[in-house]
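Below is one structure; the comments refer to it alone.
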Amino acid sequence: MFGWARLESWIVSKYVCFNVIVRMKFFHLFLFLIFFCNIIPLLVLFNLLSLEAVCLAILIGISCDFVIHFSHAYAMHPGQQARDIRTKFALIHMGPSVLAAAATTMAGAIIMLFTEILFFGKFAVVLFMTIVHSTIGSFFVFLTITDCIGPSDPTKGVDYIVNKIRQWFAAKCSKSVSLREQDKT
């Protein structure tokens with residue numbers, strides 16, 4: 001189950017981050033979140049049944065969501081900017097949304113703590129711990145790492161490839177237009 005989650009997070013980060021360095025930071029933080037948010041509480045608090053295993057797979061996706069939002073905002077700042085400017089941009093533009101998502105999810109988890117159905121209580125504990133660790137990991141760990149060693153132009157490689165493809169298509173289109181004009185004459 002964790003192998004598929006790691007593979008899926010790697011694929012998602014590949015298409016969101018646009019940079020190998022940021023992707024590696026994301027992946028290491030993701031492993032940290034899996035271990036501290038999901039495995040330790042499950043080993044300590046209760047036995048893992050099939051329904052909890054499905055919820056755990058969902059929680060793995062939730063735990064990497066905040067980092068994906070920050071890495072996307074970091075990469076989408078236009079031009080070649082310094083790391084601290086990109087980190088500040090990501091924090092200002094995605095920080096309020098991430099905090100609001102964390103607050104509403106924690107509020108839902110707190111409400112589920114007081115239900116009489118045992119499963120909802122267990123799920124609430126794991127959900128609450130996942131969101132707390134994800135928030136700490138994304139705000140403090142991930143943004144600190146991007147501020148220290150993040151790339152100043154994370155989309156440079158992708159931009160180069162896109163420009164080459166555009167030039168190729170422009171050359172092909174101009175040839176076909178010129179051939180059509182010659183056929184008309």
Side-chain angles (χ1 to χ4, degrees), residues 1-35 37-38 57-102 104-105 130-131 133-185:
M1 177 171 62
F2 293 119
W4 282 108
R6 284 190 297 239
L7 176 66
E8 290 170 3
S9 72
W10 181 258
I11 291 170
V12 167
S13 69
K14 179 180 178 183
Y15 292 108
V16 171
C17 296
F18 301 118
N19 189 284
V20 176
I21 297 170
V22 175
R23 194 177 318 139
M24 291 303 293
K25 288 181 236 169
F26 167 78
F27 192 65
H28 287 117
L29 183 60
F30 176 73
L31 292 177
F32 162 80
L33 291 173
I34 287 175
F35 185 72
C37 300
N38 298 318
I58 294 169
L59 289 174
I60 290 170
I62 291 172
S63 68
C64 66
D65 190 39
F66 296 162
V67 176
I68 288 176
H69 281 80
F70 278 128
S71 64
H72 180 72
Y74 183 88
M76 289 298 109
H77 194 283
Q80 185 172 0
Q81 302 287 333
R83 291 181 212 128
D84 59 336
I85 294 172
R86 285 188 176 277
T87 303
K88 185 177 179 181
F89 179 81
L91 185 60
I92 289 171
H93 285 82
M94 280 295 165
S97 300
V98 168
L99 277 178
T104 56
T105 307
T130 300
I131 295 301
H133 282 73
S134 298
T135 306
I136 291 169
S138 62
F139 274 96
F140 296 108
V141 178
F142 183 75
L143 289 177
T144 302
I145 290 172
T146 57
D147 198 33
C148 294
I149 58 173
S152 60
D153 194 6
T155 61
K156 183 178 180 181
V158 173
D159 292 340
Y160 176 77
I161 293 169
V162 168
N163 286 334
K164 287 295 183 184
I165 292 171
R166 283 182 183 160
Q167 290 172 358
W168 183 79
F169 275 117
K172 289 289 185 183
C173 291
S174 66
K175 284 181 184 178
S176 65
V177 169
S178 64
L179 289 174
R180 278 189 242 150
E181 290 175 0
Q182 288 175 358
D183 289 340
K184 288 180 183 179
T185 57

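Index from 1, following the sequence.
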### Query
side-chain contact (heavy atoms from CB on, under 4.5 Å) with Ile165: which residues, sequence neighbours excluded?
Ile161, Phe169

### Query
Under 4.5 Å between any side-chain heavy atoms of Lys88 and Asp84, yes or no?
no

### Summary
In terms of heavy-atom contacts, Phe70 and Leu91 come closest through CE2-CA, 4.1 Å

## Note on the structure
Heavy-atom nearest pair, His69 first then Met94, reads O-CG, 3.5 Å

Does the [X] side chain pair with the main chain of [Y], one donor and one acceptor, at a distance under 3.5 Å?
X: Thr146; Y: Leu143; value: yes
X: His77; Y: Ala73; value: no
X: Tyr74; Y: Pro151; value: yes

### Message
Please report whether the ring centroid of Phe139 lies less than 6.0 Å from that of Phe66.
### Response
no

### Query
Which distance, rounded to the nearest 0.5 Å, do you find between the OG of Ser138 and the CD1 of Ile131?
9.5 Å

### Query
How long is the gap from CG on Leu99 to OG1 on Thr104, to the nearest 0.5 Å?
10.5 Å

### Message
Suppose the criterion is ring-ring contact (aromatic ring centres under 6.0 Å, His included): which pairs have a residue in residues 145-168, not counting sequence neighbours?
### Response
none

